[in-house]
Q: 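Please read through the structure below; I'll follow up with questions.
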Amino acid sequence: MNIGLTGGIATGKSTVSSMLAMKGALLVDADIIAREVMLPGHPVLDEVTEHFGQDILFEDSTLNRKKLGEIIFHNPEQRTALNAITHPAIRQEIRERTEAYERQHPDRLVVADIPLLLEAREQYPFLEQIAVVYVPRELQLERLMNRDALTREAAEARLSSQMDIEQKKSLADILIDNSGSLVETQLQVDNLWRRMVQI
Ligand SMILES: CC(C)(COP(=O)(O)OP(=O)(O)OC[C@H]1O[C@@H](n2cnc3c(N)ncnc32)[C@H](O)[C@@H]1O)[C@@H](O)C(=O)NCCC(=O)NCCS
Ligand SMILES: Nc1ncnc2c1ncn2[C@@H]1O[C@H](COP(=O)(O)OP(=O)(O)OP(=O)(O)O)[C@@H](O)[C@H]1O
């Protein structure tokens with residue numbers, strides 16, 4: 001039993017997945033996997049460096065995330081190139097971890113937190129239902145600017161790199177509105193848990 005959990009950048013996916021984990025869900029986190037494939041020595045990072053040049057690395061061979069982010073959040077072609085290199089490996093790992101958890105724990109809910117899930121839904125046929133964590137765009141921008149200390153321009157660039165949050169909302173099987181207080185979000189998570197796990 002699984003769900004794919006998505007939303008836009010800073011709409012509250014991590015907040016909601018932590019609440020689900022507290023209830024007993026098993027988590028697969030695409031952002032963590034995305035960081036693993038960018039560690040020194042990983043063939044994905046080698047390929048990324050081949051495409052973008054050694055300038056995106058620090059002297060100790062680790063990735064300068066800020067530098068690569070500045071390139072890809074301002075240039076759709078370079079973003080597509082990065083996605084083409086990184087996404088197949090990330091997706092494969094998400095699938096393997098989700099299926100392994102389901103095999104090992106058939107009675108538990110597995111939650112795969114994937115920011116760009118709806119940008120490529122057809123690549124995730126193994127996910128049974130899609131939950132979208134939603135906040136309106138203006139609140140999304142505000143939370144992103146506050147959390148990451150970004151200028152409005154930098155935050156806008158990140159939002160524009162993803163499918164619009166209203167469109168994601170319209171594609172949801174399960175909608176979690178995170179625009180209210182954390183208590184209100186927790187209540188929705190409690191309801192979702194009851195429906196999914198039928199306790
Ligand atoms: C460009 C990178 C180095 C910037 O790193 P940084 O530490 O600034 O951001 P972080 O990794 O924490 O990502 C923050 C959020 O940005 C968004 N984001 C990241 N990559 C992309 C992308 N290619 N397209 C659109 N949005 C993206 C996601 O919502 C993600 O949750 C990094 O995001 C990266 O390696 N991206 C490529 C892999 C990827 O697509 N990851 C996200 C989905 S699994
Ligand atoms: N209901 C809420 N009320 C106020 N602040 C919130 C609420 N939910 C989340 N936040 C804050 O909004 C920010 C974004 O939340 P979170 O980090 O969970 O988003 P995310 O979708 O996981 O982000 P990313 O796409 O970058 O992984 C955080 O600073 C978090 O503390």
Side-chain angles (χ1 to χ4, degrees), residues 4-22 27-40 42 44-45 47-49 51-52 55-58 62-95 97-98 111-120 123-124 131-150 154-165 168 176-189:
L5 182 77
T6 192
I9 186 166
T11 61
K13 296 176 298 296
S14 305
T15 303
V16 168
S17 53
S18 302
M19 289 176 180
L20 286 164
M22 287 296 291
L27 295 187
V28 177
D29 186 325
D31 275 339
I32 292 179
I33 295 171
R35 281 170 189 266
E36 288 171 1
V37 303
M38 292 296 205
L39 290 174
H42 198 290
V44 168
L45 180 60
E47 220 185 304
V48 168
T49 311
H51 178 87
F52 288 91
D55 278 3
I56 59 154
L57 299 182
F58 289 116
T62 59
L63 177 65
N64 184 335
R65 305 182 66 85
K66 190 161 185 275
K67 195 158 198 174
L68 184 58
E70 271 158 16
I71 299 170
I72 68 115
F73 291 124
H74 288 95
N75 183 330
E77 275 152 34
Q78 294 290 32
R79 186 164 63 248
T80 303
L82 179 67
N83 292 349
I85 299 168
T86 58
H87 285 186
I90 295 170
R91 275 199 299 266
Q92 171 74 12
E93 197 57 39
I94 292 171
R95 181 172 196 146
R97 290 188 199 182
T98 302
V111 175
D113 176 344
I114 311 173
L116 303 175
L117 169 54
L118 287 169
E119 283 81 351
Q123 304 284 349
Y124 296 94
V132 171
V133 184
Y134 168 83
V135 301
R137 193 171 192 279
E138 196 46 43
L139 187 55
Q140 182 185 8
L141 262 177
E142 206 176 285
R143 286 188 182 165
L144 178 58
M145 288 190 292
N146 283 339
R147 190 195 58 189
D148 293 350
L150 294 179
E156 293 264 13
R158 280 165 176 70
L159 258 66
S160 304
S161 303
Q162 304 186 348
M163 184 191 287
D164 185 73
I165 190 63
K168 289 191 177 179
I176 298 165
D177 186 330
N178 185 37
S179 54
S181 66
L182 289 172
V183 172
E184 286 169 284
T185 298
Q186 181 72 58
L187 286 174
Q188 296 172 67
V189 170

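Just follow the structure's listing: the first ligand is 1, and inside any ligand the first atom is 1.
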Q: To which of Ile33, Asp29, Asp31 does the heavy atom nearest atom 30 (C) of ligand 1 belong?
A: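 It is Asp31 whose heavy atom sits nearest to atom 30 (C) of ligand 1.
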Q: Distance from Gln188 atom CD to Gln186 atom CD, nearest 0.5 Å?
A: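 The CD atom of Gln188 sits 10.5 Å away from the CD atom of Gln186.
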Q: Does any N or O atom in Arg79 lie less than 3.5 angstrom from one in ligand 1, N or O only?
A: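 Not met; the criterion fails.
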Q: With the threshold set at 4.0 Å, does a side-chain nitrogen-carboxylate oxygen contact exist between Glu119 and Arg79?
A: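 A salt bridge is absent here (no side-chain N lies under 4.0 Å from a carboxylate O).
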Q: For a quick check: using heavy atoms under 4.0 Å, what are the residues in contact with ligand 2, sorted by chain and number?
A: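 Residue list for ligand 2: Gly8, Ile9, Ala10, Thr11, Gly12, Lys13, Ser14, Thr15, Asp31, Arg143, Arg147, Asn178, Gly180, Ser181, Leu182.
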Q: Given 3.5 Å as the limit, does a donor-acceptor pair link the side chain of Thr185 with the main chain of Asn178, or not?
A: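 Absent.
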Q: Check ligand 1 against Ser161 and write out every atom of the ligand that is under 4.0 Å from a heavy-atom position of the residue.
A: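 Once the distances to Ser161 are compared, the set is 25 (C).
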Q: Specify the protein heavy atom at minimum distance from atom 41 (N) of ligand 1: its residue, its atom name, and the distance to 0.1 Å.
A: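 Atom 41 (N) of ligand 1 sits closest to the protein heavy atom Ala34 CB, 3.9 Å.
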Q: Answer whether the closest heavy-atom distance between the side chains of Gln162 and Lys168 falls below 4.5 Å.
A: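 When only atoms from C-beta onward are counted, Lys168 and Gln162 do touch, with a gap below 4.5 Å.
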Q: Mind checking whether Arg35 has a heavy atom under 4.0 Å from ligand 1?
A: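 Heavy atoms of Arg35 do come under 4.0 Å of ligand 1.
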Q: Report the part of Ile114 in contact with ligand 1, treating N, CA, C, O as backbone and CB onward as side chain, heavy atoms under 4.0 Å; options are side chain, backbone, both, neither.
A: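 It is neither part, as no heavy atom is under 4.0 Å.
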Q: Mind checking whether Arg158 has an N or O less than 3.5 Å away from an N or O of ligand 1?
A: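 Min N/O separation from ligand 1 is not below 3.5 Å for Arg158.
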Q: Would you say Glu47 and His51 make side-chain contact, with heavy atoms under 4.5 Å?
A: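 Glu47 does not reach His51 side chain to side chain.
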Q: Considering only protein heavy atoms, which is closest to atom 36 (N) of ligand 1, and at what distance to one decimal place?
A: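 Of the protein heavy atoms, Leu82 CD2, 4.0 Å lies nearest.
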Q: Any N or O of His87 that comes nearer than 3.5 Å to an N or O of ligand 1?
A: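 Yes, since at least one N or O of His87 sits under 3.5 Å from an N or O of ligand 1.
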Q: At what distance is the nearest protein heavy atom to atom 16 (O) of ligand 1, and which residue and atom is it?
A: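 The closest heavy atom on the protein side is Ile9 CD1, 3.4 Å.
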Q: Do any side-chain atoms of residues 135-142 form donor-acceptor pairs under 3.5 angstrom with protein atoms, and if so which ones, sequence neighbours left out?
A:
| residue | atom | partner | partner atom | Å |
| --- | --- | --- | --- | --- |
| Arg137 | NH2 | Glu156 | OE1 | 3.4 |
| Glu138 | OE2 | Arg152 | NH2 | 2.9 |
| Gln140 | NE2 | Ile9 | O | 3.0 |

Q: How far is atom 9 (O) of ligand 1 from its nearest protein heavy atom, and which residue and atom is that?
A: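 For atom 9 (O) of ligand 1, the nearest protein heavy atom comes out as Arg65 NH2, 4.4 Å.
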Q: Return yes if a side-chain donor-acceptor contact under 3.5 Å exists between Glu77 and Thr80, otherwise no.
A: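 Per modelled atom types, Glu77 and Thr80 side chains form no pair under 3.5 Å.
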Q: Using modelled atom types only, decide if a donor and an acceptor are shared between the side chain of Thr6 and the backbone of Val132 within a distance under 3.5 Å.
A: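 Looks like no, no N/O pair under 3.5 Å.
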Q: Among protein heavy atoms, which sits nearest to atom 43 (C) of ligand 1, and what does the distance come to when rounded to 0.1 Å?
A: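 So the nearest neighbour among protein heavy atoms is Leu116 CD1, 3.8 Å.
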Q: Would you say the side-chain atoms of Glu93 pair up with the backbone N or O of Ile90, donor to acceptor, closer than 3.5 Å?
A: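 Not at all, since once roles are kept as given, no pair shorter than 3.5 Å links the two residues.
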Q: Heavy-atom contacts with Ala30 under 4.0 Å: which atoms of ligand 1 show up? List them by number with element.
A: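 The list of qualifying atoms is 44 (S).
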Q: Mark up the atoms of ligand 1 that fall under 4.0 Å of a heavy atom belonging to Met38, in ascending order.
A: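 Per the distance check, 35 (O).
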Q: Using modelled atom types and a 3.5 Å cut-off, is there a donor and acceptor pairing between side-chain atoms of Thr62 and backbone atoms of Phe58?
A: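 No; judged by distance alone, with no hydrogens or angles, the pair does not exist.
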Q: Mind checking whether Thr86 has an N or O less than 3.5 Å away from an N or O of ligand 1?
A: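 Looking only at distances, the answer is no, because the N/O contact criterion of under 3.5 Å is not met.
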Q: Can you tell me how far CD1 of Ile114 sits from OH of Tyr124, rounded to the nearest 0.5 angstrom?
A: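 It comes to 4.5 Å.
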Q: So which heavy atom in the protein is nearest atom 17 (C) of ligand 1, and how far is it from that ligand atom?
A: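 In this structure, atom 17 (C) of ligand 1 has Gln162 NE2, 3.3 Å as its nearest protein heavy atom.
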Q: Tell me, do Ile33 and Arg97 make a side-chain contact under 4.5 Å, heavy atoms counted?
A: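 Answer yes - side chains close enough.
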Q: Would you say Lys67's side chain and Leu57's backbone share a donor-acceptor pair under 3.5 angstrom?
A: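 A pair under 3.5 Å: no.
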Q: Mind checking whether Lys13 and Asp31 have side chains closer than 4.5 Å, heavy atoms only?
A: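 SC-SC contact between Lys13 and Asp31 ruled out.
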